[in-house]
Amino acid sequence: MRAIIVLLLAVLGATAHAVDSVPLDLRPQIERFAADLAADLARLCPPAQPGDQAAFDRCRQGMFRDSMLKRSLVPYVLWGRPHKDPGALLKETTLTQFAPDVLAGIYLPLFMFNGKHTVEYDAREGLFLVRIETAFRNRLAPGQFPYPFWHDEVKWSTYQGANSILLWLDPKTAKVKVAQFTDRGASPPVVGSAPVPRPQFDGKWMWTDREGRTQPQVTLFDGLFRAENPYLPKLDTAYKTLALKMRDAQCDSCHVPNNPDGMKRLVLLQTPAHAAGEIERLMKAVREDKMPLDEVGIEQPLDAKLKSALLESGRAFESLVQAAKDWESEGRAQWALTQMRERKRQ
């Protein structure tokens, strides 16, 4: 019996050692990956004045269209601040789920990078942690933020003081599973900027400015899809129809930035860009009667007529989002082909 126990302990020990050694074996690869990623971010989004709109636009377009970061995100990546308890695990932290298009297109471009970074392995999480020095563009116009971050004083303060972006990488896939921003980094922000006083929040996640334009502008695909994309006007109309159906289905009572139900994994639907990133999962949840939830968190199937209307408007919006993306991809491919032909003629 004793021999059997010794053998089992030896096997378990060997297994544990193999698991522990995986990150060590992969560390050089992860470090090269992190260096390339940090350099690409610094190239696309270098330090600039925090209110420089042109620098922000260049960063957004570069990061959204074909950046190393966007290619390195898992299909649904988590985003947010670290837990206020430094010892808390990621699973205990409230985070928001985003598709790569949304995080790379309207959130991370709000930051600037100098390429400086560190890499460490977190054994508790089983993930590599890449810390990248950063600074936040706190002096952009309000419509350049995906929603009024100032609805929460602590959130707005953390964004403004951010000095580090944290990227949590799966050691086996080198994909970013979680991204966070924090003002607890070791170095000061890469660009200094005095805090902007917290604006008044009127409870509206979208609004109309004095010129009659819908805001936040960045959530309307502005600057991401080309202005000549023929699907842009149709997308706007389709989202308005979908938004009305989502309101009828009470989606806007939960899936908003202030997280009224305190969900650990929040999904946002309050703007066209946010809804575009989540439309596939939204339709699946509605079809399977997984939403909405009642006041105690139990699934509450929609009325058949309302469910049908929500699915119909959702399918129309989802189809147009894909068509707009396809048009952009074909346009970029055609541009690349034209450039190649011109080089051959030279």
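For clarity, every value in this text was computed on a predicted model and none was experimentally measured.
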Apply side chain to side chain contact (heavy atoms under 4.5 Å, CB included) to L220 and M206, showing your working. CA-CA 11 Å; L220 307 177; M206 297 190 75; 3.9 Å; yes

Is there a continuous path of hydrophobic side-chain contacts, each under 4.5 Å between heavy atoms, that joins [X] to [Y]?
| X | Y | result |
| --- | --- | --- |
| V130 | I165 | yes |
| L282 | L78 | no |
| W168 | I132 | no |
| V267 | W79 | yes |
| Y107 | V74 | yes |

Say whether, by atom type as modelled, one donor and one acceptor occur between the side chain of [X] and the main chain of [Y] under 3.5 angstrom.
| X | Y | value |
| --- | --- | --- |
| S308 | A304 | no |
| S313 | A309 | yes |
| E31 | V119 | no |
| N138 | Q160 | no |
| Y239 | T271 | yes |
| D261 | C254 | no |
| H274 | P272 | no |
| K70 | F64 | yes |
| R137 | Q49 | no |
| N163 | S187 | yes |

Taking all atoms of both residues into account, what is the closest heavy-atom pair of [X] and [Y], and its distance?
| X | Y | result |
| --- | --- | --- |
| L235 | A324 | CD1-CB, 3.9 Å |
| A273 | I106 | CB-CD1, 4.1 Å |
| G161 | D183 | O-CB, 3.3 Å |
| G277 | A99 | O-CB, 3.5 Å |
| H255 | L266 | CA-CD1, 4.5 Å |
| G126 | P171 | O-CD, 3.4 Å |

Is there side-chain contact between [X] and [Y], with at least one heavy-atom pair below 4.5 Å?
| X | Y | value |
| --- | --- | --- |
| F201 | Y147 | no |
| L268 | F98 | yes |
| L110 | F56 | yes |
| L242 | L310 | yes |
| Q144 | V218 | yes |
| F33 | M68 | yes |
| P46 | R58 | no |
| Q180 | T93 | yes |

I'd like to know if D236 pairs up with K240 as an ion pair, taking the criterion as any Lys NZ or Arg NE/NH1/NH2 lying under 4.0 Å from an Asp or Glu carboxylate oxygen.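 Answer for the salt bridge query: yes.
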
Salt-bridge contact E312-K245 (side-chain N to carboxylate O under 4.0 Å): no

Begin from the C-alpha positions of E120 and R131 and carry the test salt bridge (Lys or Arg N to Asp or Glu O under 4.0 Å) through to its verdict. CA-CA 9 Å; E120 62 193 77; R131 302 176 186 268; 3.0 Å; yes

Once you measure the plane-to-plane angle for F111 and F181, does it fall in the parallel (<30°), tilted (30-60°) or perpendicular (>60°) bin? tilted

Using the ring of each side chain (for Trp, its six-membered ring), is W205 parallel, tilted or perpendicular to H151, with breaks at 30° and 60°?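 It falls in the perpendicular class, over 60°.
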
Heavy-atom count check: over 12 atoms from other residues, nucleotides or ligands less than 6.0 Å from [X] [atom1]?
| X | atom1 | answer |
| --- | --- | --- |
| K264 | NZ | yes |
| E280 | CD | no |
| Q200 | CD | no |
| K177 | NZ | no |
| E125 | CD | yes |

Go through the steps for M263 and T94 under the test side chain to side chain contact (heavy atoms under 4.5 Å, CB included), then give the verdict. CA-CA 7 Å; M263 292 184 280; T94 298; over 6 Å; no

Could you measure the distance from the [atom1] atom of [X] to the [atom2] atom of [Y]? Nearest 0.5 Å is fine.
| X | Y | atom1 | atom2 | result |
| --- | --- | --- | --- | --- |
| T214 | W207 | OG1 | CH2 | 10.5 Å |
| L44 | Q61 | CG | CD | 11.0 Å |
| E211 | D209 | CD | CG | 5.0 Å |
| Q270 | K204 | CD | NZ | 15.0 Å |
| D122 | F128 | CG | CZ | 10.5 Å |
| S67 | L41 | OG | CG | 7.5 Å |

Between D85 and E92, is a side chain to side chain contact (heavy atoms under 4.5 Å, CB included) present by the stated rule, with each step listed? CA-CA 10 Å; D85 175 6; E92 300 166 343; over 6 Å; no

side-chain contact (heavy atoms from CB on, under 4.5 Å) test vs L167 passes for just one of L69, L129, V178, V77, namely L69

By the definition salt bridge (Lys or Arg N to Asp or Glu O under 4.0 Å), identify the one residue from D40, D101, D66 that meets it with R71. D66

Assess the side chains of R281 and Q97: does a donor N or O sit below 3.5 Å from an acceptor N or O? yes

Checking M283 against L311 for the side chain to side chain contact (heavy atoms under 4.5 Å, CB included) test, could you report, in this order, the C-alpha distance in whole Å, the side-chain angles of both residues, the deciding distance, and whether it holds? CA-CA 6 Å; M283 293 298 96; L311 287 172; 3.9 Å; yes

So that I know where these two stand, are F145 and W156 an aromatic pair - ring centroids less than 6.0 Å apart? yes

